[in-house]
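Okay, structure first, notes after.
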Amino acid sequence: MAQGVFAITEQRDGELRKVSFEAVSEGRRVADGLGTELTAVVLGSGIEGLAEELKKYGPDKIWVADDTALADYTTDAYTNILSGLIQSADPAVIILGASAQGKDLAGRLAARLDAGVAMDCTMIKLDNGSLTYTRPMFGGKIVADVEIEGTLQIVAIRPNVMDITEAAKDSAIDNPAVEVGEVKTAVIEKIMDTGDKIELTEADIIVSGGRGTGGDYTAIEALAAELGAAVGASRSAVDEGWRPHSDQVGQTGKTVSPTLYVACGISGAIQHLAGMSTSKYIVAINKDEEAPIFSKADFGIAGDLFDVIPAFTEEVKKVKE
């Protein structure tokens, strides 16, 4: 009989992503509610030390699949190993992050294991042993509560939404045999963003600019620097070539859930709102008083962003002094 909770973590170059701690913390809460054990799983190469870091978040067991073939993420290798581990342990619930990697992996595991999957979830509810998953649908136009049929349930949680809770345990660490199996793809080259750029999906504060910037992000970058924020962009700004696609927030870009989202010169098309509507607080700056973004904003400023943002930045500096 299926029992237990698996939390699949994600690491990059030997460092755990923030969503990994969210997945393990949420896994601990779900496991406690179901009265079962939590197993955290980490895959990669040269990652033995990561198990000690995961102990702080309360897994009963930590499985470390360490192999040179796992140095870079490939769908085939990770799916082959995880599906084998899952079949041997027979958990009831699998939790992982709805990052680009997590979404890819969740879909492949669901197909391989004939399991139901709820993607991009913002809440997991537990009632009398039954799990309900809350997720935005139809581009964020509605929020639905869904249930998964079957004995194995896979849930991918939206990054930066679930609480990270420390509940240290002396977790048992195991190194299962790594059976990579057939892998049809290989990573030939990685081109990474350089510098100290904050990852959008993990940022607590984001300052985004749209068509209203006219391509001039100087003021936005200055405000972001003062706030310790990431810089985002709307699709129109990316299409114009003003910002790279890695900065795009929206349905065809990244989905973000920061504590504070500052939208500058962004009209608020539904495609953009789908990527940031779960932000805790939304501030909109737009000279068009009828812009749709104001209907979603907690605070709105009708004015020219090139006048408002420098004044905003100066006030932030005063508060920090």
Between [X] and [Y], is there a donor-acceptor pair closer than 3.5 Å when you use the side chain of the first and the backbone of the second?
| X | Y | value |
| --- | --- | --- |
| Asp145 | Thr132 | no |
| Ser279 | Tyr281 | no |
| Arg29 | Ile124 | yes |
| Gln11 | Leu43 | yes |
| Asn286 | Ile266 | yes |
| Ser295 | Pro292 | yes |
| Glu22 | Asn160 | yes |
| Ser25 | Thr165 | yes |

Would you say [X] has more than 12 foreign heavy atoms packed within less than 6.0 Å of its [atom1]?
| X | atom1 | value |
| --- | --- | --- |
| Lys320 | NZ | yes |
| Arg135 | CZ | yes |
| Lys169 | NZ | yes |
| Lys18 | NZ | yes |
| Lys55 | NZ | yes |
| Glu221 | CD | yes |

| request: May I have the step-by-step check of side chain to side chain donor-acceptor pair (under 3.5 Å) for Thr75 and Asp104, ending in yes or no? | output: CA-CA 7 Å; Thr75 310; Asp104 178 62; 2.6 Å; yes
| message | Assess the residue pair Thr74 and Thr185 against the criterion (side chain to side chain donor-acceptor pair (under 3.5 Å)); give the C-alpha distance rounded to whole Å, side-chain angles, the decisive distance to 0.1 Å, and a yes or no. | response | CA-CA 7 Å; Thr74 58; Thr185 58; 4.8 Å; no
What closest approach, in Å, do [X] and [Y] show between heavy atoms, and which atom pair accounts for it?
| X | Y | value |
| --- | --- | --- |
| Val146 | Ala118 | CG2-CB, 4.2 Å |
| Thr36 | Arg28 | O-NH2, 3.7 Å |
| Leu200 | Ala230 | CD2-CB, 3.9 Å |
| Ser236 | Gly210 | OG-C, 4.5 Å |
| Ala23 | Ala7 | O-CB, 3.8 Å |
| His245 | Val238 | CA-CG1, 3.8 Å |

Taking the side chain as everything from C-beta on, heavy atoms only, tell me whether [X] gets closer than 4.5 Å to [Y].
| X | Y | value |
| --- | --- | --- |
| Arg108 | Asp76 | yes |
| Leu34 | Val93 | yes |
| Leu38 | Pro59 | yes |
| Ile86 | Leu152 | yes |
| Pro136 | Arg158 | yes |
| Ile309 | Cys264 | yes |
| Val19 | Glu202 | no |
| Lys61 | Asp174 | no |

Rounded distance [0.5 Å steps], [atom1] in [X] versus [atom2] in [Y]:
| X | Y | atom1 | atom2 | value |
| --- | --- | --- | --- | --- |
| Ile206 | Lys254 | CD1 | NZ | 9.5 Å |
| Ser267 | Glu290 | OG | CD | 13.0 Å |
| Ser277 | Ile282 | OG | CD1 | 7.0 Å |
| Arg112 | Leu105 | CZ | CG | 10.5 Å |
| Thr39 | Asp60 | OG1 | CG | 7.0 Å |
| Asp120 | Ser257 | CG | OG | 7.5 Å |

| request: Could you give me the CA-CA distance, side-chain angles and deciding distance for Glu26 and Val155, then say whether side chain to side chain contact (heavy atoms under 4.5 Å, CB included) is met? | output: CA-CA 11 Å; Glu26 192 65 9; Val155 53; over 6 Å; no
| task | Starting from the C-alpha separation in whole Å, work towards a yes-or-no answer on side chain to side chain contact (heavy atoms under 4.5 Å, CB included) for Val262 and Ile285. | result | CA-CA 8 Å; Val262 185; Ile285 303 170; 4.1 Å; yes
| task | Please step through side chain to side chain contact (heavy atoms under 4.5 Å, CB included) for the pair Arg17 and Thr201, ending with a clear verdict. | result | CA-CA 10 Å; Arg17 304 292 302 277; Thr201 57; 4.1 Å; yes
Does [X] belong to the same Ile/Leu/Val/Met/Phe/Trp/Tyr cluster as [Y], with side-chain heavy atoms less than 4.5 Å apart forming each link?
| X | Y | result |
| --- | --- | --- |
| Ile94 | Val161 | no |
| Tyr133 | Val143 | no |
| Leu96 | Ile148 | no |
| Trp242 | Phe306 | yes |
| Ile154 | Tyr73 | yes |

| said: Can you tell me how the ring of Phe6 sits relative to the ring of Trp63, calling it parallel under 30°, perpendicular over 60° and tilted otherwise? | reply: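 Geometry flag for Trp63 against Phe6: perpendicular rings.
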| Aromatic ring pairing His272/Tyr261, orientation class (parallel under 30°, perpendicular over 60°, tilted between) | tilted
| Residues Glu179, Asn80; criterion side chain to side chain contact (heavy atoms under 4.5 Å, CB included); working and verdict | CA-CA 7 Å; Glu179 299 289 343; Asn80 290 344; over 6 Å; no
| For the side-chain contact (heavy atoms from CB on, under 4.5 Å) test, which of Ile173, Val24, Val64, Val41 pairs with Leu54? | Val24
| field | Leu223 and its side-chain contact (heavy atoms from CB on, under 4.5 Å) partner, picked from Val308, Val231, Val207 | value |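 Output: one option passes, namely Val207.
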| task | With salt bridge (charged side-chain N to carboxylate O under 4.0 Å, His left out) as the test, would you mind laying out the steps for Arg12 and Glu15 before giving the verdict? | result | CA-CA 5 Å; Arg12 183 182 293 169; Glu15 292 188 9; over 6 Å; no
| query | Are the charged groups of Lys280 and Asp298 less than 4.0 angstrom apart, N to O? | reply |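 Not counted as a salt bridge, because no side-chain N and carboxylate O are separated by less than 4.0 Å.
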